[in-house]
Novice: 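First the structure, then my questions, so here it is.
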Amino acid sequence: MKQKILFVLSLLFGLMFINAGLNKFFNYMPAPKDMPADLMKVMGAAMQIEWLMPLVGLAEVVGGLLFIPGKTRALGAIILFPVMVGIVLTNAMYAPSGFAIVAPLLAIHLWVIVENREKYAPMIK
């Protein structure tokens, strides 16, 4: 049962990141109208670096695709880790109201990392 729950959560997590990554290329989701002014300035500055958003979008799409199947989930979690850290820090500093969405995503991500800790052991030895 635990593996089925993990698969469903991983599927939803992966699809959310695939969607966010594709949005960085095709801009099909409008920005929220109630974004804080400081966050708008930070996002505007990030957009000035032409290669940054496509790189983040590529990491989100590839990481999301790898996060869904169990065999590659550990690799997907590692690819998405820096993106997730950026999401958590951005919400902590500029938009704390977004933690209602970020906290479950962070919990799923950390659960997958803990479940696959034996696969990461060779990297830290």
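Computed from heavy atoms alone, side chains included, the values below leave out hydrogens, waters and symmetry copies. Here the structure is a predicted model, which is why all the values come from computation and not from measurement.
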Novice: Crowded around K41 NZ? As in, over 12 foreign heavy atoms under 6.0 Å?
Specialist: no
Novice: Identify the heavy atoms of V112 and A77 that sit nearest to each other, and give their distance.
Specialist: CG1-CB, 3.9 Å
Novice: Taking atom CE of M47 as the centre, does the number of heavy atoms from other residues, nucleotides or ligands within less than 6.0 Å exceed 12?
Specialist: no
Novice: Describe, in one word, how the ring planes of F81 and H109 are oriented to each other, choosing from parallel (under 30°), tilted (30 to 60°) and perpendicular (over 60°).
Specialist: perpendicular
Novice: Let me check something: do L110 and L9 share a hydrophobic cluster, defined by ILVMFWY side-chain heavy atoms less than 4.5 Å apart, either directly or through other members?
Specialist: yes
Novice: Give a yes or no on whether the backbone of I68 and the side-chain of R73 come within a donor-acceptor separation of less than 3.5 Å.
Specialist: yes
Novice: For A46 and M53, work out which heavy atoms get closest and say how close.
Specialist: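 Closest approach of A46 to M53: CB-CE, 3.7 Å.
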Novice: Where do V102 and M84 come nearest, in terms of heavy atoms and distance?
Specialist: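 Closest pair (atom of V102, atom of M84, distance): O-CE, 3.9 Å.
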Novice: CG of L39 to CG of D34: how many Å apart, nearest 0.5 Å?
Specialist: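 Answer rounded to 0.5 Å: 10.5 Å.
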Novice: If you round to the nearest 0.5 Å, how far is OH of Y28 from CG of N23?
Specialist: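 Here the interatomic distance stands at 5.5 Å.
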Novice: Where do I113 and Y120 come nearest, in terms of heavy atoms and distance?
Specialist: O-CE1, 3.5 Å
Novice: Check whether more than 12 heavy atoms from other residues, nucleotides or ligands sit under 6.0 Å from atom CG of L12, and answer yes or no.
Specialist: yes
Novice: Is atom CZ of F26 surrounded by more than 12 heavy atoms (other residues, nucleotides or ligands) closer than 6.0 Å?
Specialist: no
Novice: Apply salt bridge (charged side-chain N to carboxylate O under 4.0 Å, His left out) to K71 and list each qualifying residue two or more places apart in sequence or on a separate chain.
Specialist: none
Novice: Going hydrophobic residue to hydrophobic residue with side-chain gaps under 4.5 angstrom, can you get from F17 over to I79?
Specialist: no
Novice: About how many Å separate OG of S10 and CG of L15, when rounded to the nearest 0.5 Å?
Specialist: 10.5 Å
Novice: side-chain contact (heavy atoms from CB on, under 4.5 Å) with Q48: which residues, sequence neighbours excluded?
Specialist: none
Novice: Using every non-hydrogen atom in the two residues, find where I18 and L65 come nearest and quote the distance to one decimal.
Specialist: CD1-CD2, 3.6 Å
Novice: If you round to the nearest 0.5 Å, how far is CD1 of I108 from CG of L11?
Specialist: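 The distance works out to 10.5 Å.
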Novice: For residues M35 and M29: do they belong to one hydrophobic cluster (side chain heavy atoms under 4.5 Å, members Ile, Leu, Val, Met, Phe, Trp, Tyr)?
Specialist: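 No, M35 and M29 fall in different hydrophobic clusters.
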Novice: Between L22 and V61, which heavy-atom pair has the shortest distance, and what is it?
Specialist: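 Looking at all heavy atoms of both residues, the shortest contact is N-CG2, 3.7 Å.
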Novice: Give a yes or no on whether E118 atom CD has more than 12 heavy-atom contacts from other residues, nucleotides or ligands under 6.0 Å away.
Specialist: yes
Novice: Are V114 and M123 co-members of a hydrophobic cluster defined by side-chain heavy atoms under 4.5 Å apart?
Specialist: no
Novice: Return a table of donor-acceptor pairs under 3.5 angstrom between the side chains of residues 91-100 and protein atoms on other chains or two or more places apart.
Specialist:
| from | atom 1 | to | atom 2 | distance (Å) |
| --- | --- | --- | --- | --- |
| N91 | ND2 | I87 | O | 2.9 |

Novice: Establish whether M16 and V62 are linked, either directly or via other cluster members, by ILVMFWY side-chain heavy-atom contacts under 4.5 Å.
Specialist: no
Novice: Nearest 0.5 Å please: distance from the CG atom of D38 over to the OG1 atom of T90.
Specialist: 12.0 Å
